[in-house]
**Q** 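Sharing a structure here in structure tokens format.
Chain letters run A, B, ... following the sequence lines, proteins first and then strands; every chain starts at 1. All values below were derived from every heavy atom in this structure, side-chain atoms included, with hydrogens, water molecules and symmetry-related copies excluded.
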Amino acid sequence: MAASRTGHIPFKTVLDSIADGVFTVDLDWNITFFNRAAEKITGIPASEALGRQCRDVFHSSLCDGSCALKSCLAEHAPVHHRSVYILRPDGSQVPISVSAAPLKDSQGRLVGGVETFRDESALHLMRRELESAYTLEDMVGKSQAMRRLFGLIPQVAESEASVLLEGESGTGKELAARALHNLGPRRKKPFIAVNCAALPDTLLESELFGYKAGAFTDARRDKPGRFDQAQGGTIFLDEIGDMPQTLQAKLLRVLQEKIFEPLGGVAPVHADVRIISATNQNLEKLVQEGRFRQDLFFRLNVVRLRLPALRERREDIPLLTAHFIRKFNLLTGKDITGVTDEVLGLFLRHLFPGNIRELENTLEYAFILCPGGLIHPEHLPEYILPSSSHGLPDSMLSKALTMDEVKYQAIQDALLRHDGKKMAACRELNISKDTLRRILNRKKKA
Amino acid sequence: MQPPAINTACLFTPDHTGHGERVALACCGGRLAALWDTAECIEIHVWNGSGWSCQGSSILTGLGLHGRVDVLRKMRVRLLICGAMSGCVRNILEANGIMVQPWITGSQDVVLAALGKNRLASLLMPGCGGRGRCRREGQTRGSKNQKMRR
């Protein structure tokens with residue numbers, strides 16, 4: 001390549017002077033050229049990169065899957081601006097934009113490929129700074145409810161108090177628990193998550209507290225439990241409402257005395273573990289029904305945080321959509337730029353009973369069908385589309401309604417969701433209390 | 001400056017893992033995956049004193065970082081050998097009691113043979129030769145120079 005010339009300047013000099021990384025590979029994926037910017041961005045000197053497999057040098061999120069070079073060589077067509085990340089040998093992650101094209105000799109025969117890439121760290125940093133007000137660890141939101149949580153979590157994280165997280169399935173209770181762990185003094189110790197509903201009662205005890213050899217027929221050697229594994233760190237007990245009563249007593253002892261006994265063990269073990277629990281049930285109601293110990297409830301409920309359902313913070317849907325699109329672009333190597341206004345409208349009208357997890361799954365589905373550009377309604381699962389009855393309540397679909405009736409129905413539904421609490425309904429619908437009262441009165445008069 | 005995370009001196013040998021301890025290889029398509037983040041599965045191997053025996057595998061596709069950590073914990077993995085890995089991910093794995101040897105390349109057979117002969121250093125990816133480049137938690141690009149200036 002150095003022998004080729006553009007006027008009097010060798011190609012290598014030209015390529016070394018540009019800010020974009022450039023490298024070429026032969027048909028066996030061995031690197032044959034590596035410019036100066038490529039050295040700088042990847043952190044690997046050309047002397048070590050040349051002759052090595054590109055995957056061993058580039059370490060990009062595409063190398064094990066839809067490699068840009070591989071797909072452009074297979075399809076004999078260039079690939080433009082795929083957003084991916086690479087890992088440098090110092091362990092840092094660098095977001096880049098990749099383009100690739102086939103390399104042909106003077107006879108038009110394929111001899112390899114060329115890839116150019118641009119460091120987008122500055123762009124990402126700028127975006128992150130803009131979004132930092134709307135994120136906390138992996139949690140995203142700018143609604144009032146989320147902003148309040150983002151203010152509370154760092155303060156709660158610093159304390160050693162037990163935390164009870166409440167919220168429907170898919171609202172991000174585990175993310176909140178991880179944020180509490182990562183922002184607290186135990187961040188360098190393990191975070192252990194246990195789903196109390198996922199294991200049969202008989203297994204849950206040995207899973208949580210471990211067992212000693214000989215405790216039962218197949219217990220040939222000691223097995224540490226989750227409390228042991230979490231020593232010094234945090235244990236997250238999800239679906240705590242499903243914990244059997246026998247175990248509730250044992251958990252209470254951990255909370256009160258900071259000790260537990262493995263199955264078959266005689267000596268108590270000290271438990272230096274912070275407990276964060278979560279539930280999508282009404283624990284107070286379970287206490288009243290005698291299905292959950294009151295003393296345990298009080299011990300777990302030192303700090304109670306409620307994760308709002310997605311339908312209560314619809315203003316976060318555009319932000320969350322953009323967040324998941326960025327995530328899936330990095331994971332899949334696609335270049336999806338966003339959703340159409342129509343899709344955003346569908347999302348804003350959908351009730352999302354599965355909350356953020358449902359939105360994430362919907363976008364993951366759309367990424368399978370959408371080749372690039374904007375996500376259109378045809379890329380969405382059928383149940384999100386307007387022909388389906390899942391988005392709106394049956395009462396609003398069964399007959400034509402006037403605008404006043406629609407408003408009245410929306411208020412009735414919101415009141416139903418909030419156990420008749422008018423202020424909560426107002427907050428969800430983003431209307432004042434006066435407006436709510438006026439709409440209700442107008443309907444009564446009619 | 002912390003000692004380098006990748007260094008021939010801290011590469012693992014069967015003696016580090018001990019008999020019966022479980023070693024996981026993060027794989028993709030018959031070889032070590034280029035990135036831990038994109039590995040499709042882990043293969044579990046155990047050193048029995050004279051050689052390695054495969055103890056099974058587990059799919060990682062579709063799992064996020066924490067799901068992957070859970071798999072390693074459930075499979076009682078002592079040492080993970082994988083391709084490129086970010087410093088943050090490494091810290092999380094080590095906080096969970098899993099030893100990690102990243103930046104290794106090669107097919108499973110080659111990696112296991114090298115591990116058995118204490119020659120894992122020969123399989124380090126380019127640029128990872130252990131000259132103090134690898135960064136630990138808290139350091140950012142340029143922080144080494146900043147510290148030196150201070």
**Q** Which distance, rounded to the nearest 0.5 Å, do you find between the CE of Met125(B) and the CD of Glu48(A)?
**A**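 Going from the CE atom of Met125(B) to the CD atom of Glu48(A) covers 13.5 Å.
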
**Q** Pick one of side chain, backbone, both or neither for Leu62(A), based on which atoms fall under 4.5 Å of a heavy atom in chain B.
**A**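 No part of it gets close to chain B.
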
**Q** Of the backbone (N, CA, C, O) and the side chain (C-beta and beyond), which part of Arg226(A) lies under 4.5 Å from a heavy atom of chain B, both, or neither?
**A**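 Contact with chain B: side chain only.
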
**Q** Considering only heavy atoms, which portion of Arg55(A) lies under 4.5 Å from any heavy atom of chain B: side chain, backbone, both, or neither?
**A** both

**Q** With a 4.5 angstrom heavy-atom cut-off, could you sort out which part of Ser60(A) is near chain B: side chain, backbone, both or neither?
**A**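 Backbone only.
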
**Q** Should His59(A) and Trp103(B) count as side-chain neighbours, where that means a heavy-atom distance under 4.5 Å?
**A**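 Yes, their side chains come closer than 4.5 Å.
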
**Q** Who among Cys88(B), Ala95(B), Ala39(B), Gly29(B) has the most heavy-atom pairs with chain A under 4.5 Å?
**A**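 Sorted descending by pairs with chain A, the first entry is Ala95(B).
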
**Q** Which region of Gln229(A), side chain (C-beta onward) or backbone (N, CA, C, O), has a non-hydrogen atom less than 4.5 Å from a non-hydrogen atom of chain B, or is it both or neither?
**A** both

**Q** Does atom CZ (Arg118(A)) have a neighbourhood of more than 12 heavy atoms from anything else shown, all under 6.0 Å?
**A**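 No, because the 6.0 Å sphere around CZ of Arg118(A) holds 12 heavy atoms or fewer from other groups.
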
**Q** State, yes or no, whether a side-chain contact exists between Asp70(B) and Ile192(A) at a heavy-atom distance under 4.5 Å.
**A**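 With C-beta onward as the side chain, the pair stays apart.
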
**Q** Hey, could you give me the OG/CD1 distance between Ser86(B) and Ile86(A), rounded to the nearest 0.5 Å?
**A**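 If I round to the nearest 0.5 Å, the distance is 13.0 Å.
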
**Q** Between Phe58(A) and chain B, which part of the residue has a heavy atom less than 4.5 Å away: side chain, backbone, both or neither?
**A**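 No part of Phe58(A) comes within 4.5 Å of chain B.
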
**Q** When rounded to the nearest 0.5 angstrom, what distance separates OH in Tyr85(A) from CG in Asp37(B)?
**A** 3.0 Å

**Q** Could you have a look at Arg76(B), Arg73(B), Glu40(B) and say which one has the most heavy-atom pairs with chain A under 4.5 angstrom?
**A**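 Answer, by heavy-atom pair count under 4.5 Å with chain A: Arg73(B).
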
**Q** Among residues at least two apart in sequence or on other chains, which ones pass side chain to side chain donor-acceptor pair (under 3.5 Å) with Thr135(A)?
**A** none

**Q** Where the side chain of Asp64(A) meets the backbone of Cys28(B), is there a donor-acceptor pair that is under 3.5 Å apart?
**A**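 No, Asp64(A) side chain to Cys28(B) backbone: no donor-acceptor pair under 3.5 Å.
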
**Q** State the CD-NZ distance between Glu94(B) and Lys188(A), to the nearest 0.5 angstrom.
**A** 12.0 Å

**Q** Return the CG to CD distance between Leu35(B) and Gln93(A), rounded to the nearest 0.5 Å.
**A**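 One gets 8.5 Å once the value is rounded to the nearest 0.5 Å.
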
**Q** Between Asn182(A), Thr42(A), Leu87(A), which has the largest tally of heavy atom pairs under 4.5 Å with chain B?
**A**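 Top option by heavy-atom pairs under 4.5 Å: Leu87(A).
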
**Q** Which atoms of Leu32(B) come close to chain A, meaning under 4.5 Å heavy atom to heavy atom: side chain ones, backbone ones, both, or neither?
**A** backbone

**Q** Show the nearest heavy-atom pair for residues Cys63(A) and Ala34(B), with the distance to one decimal.
**A**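 Cys63(A) and Ala34(B) have their closest heavy atoms at CB-CB, 3.8 Å.
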
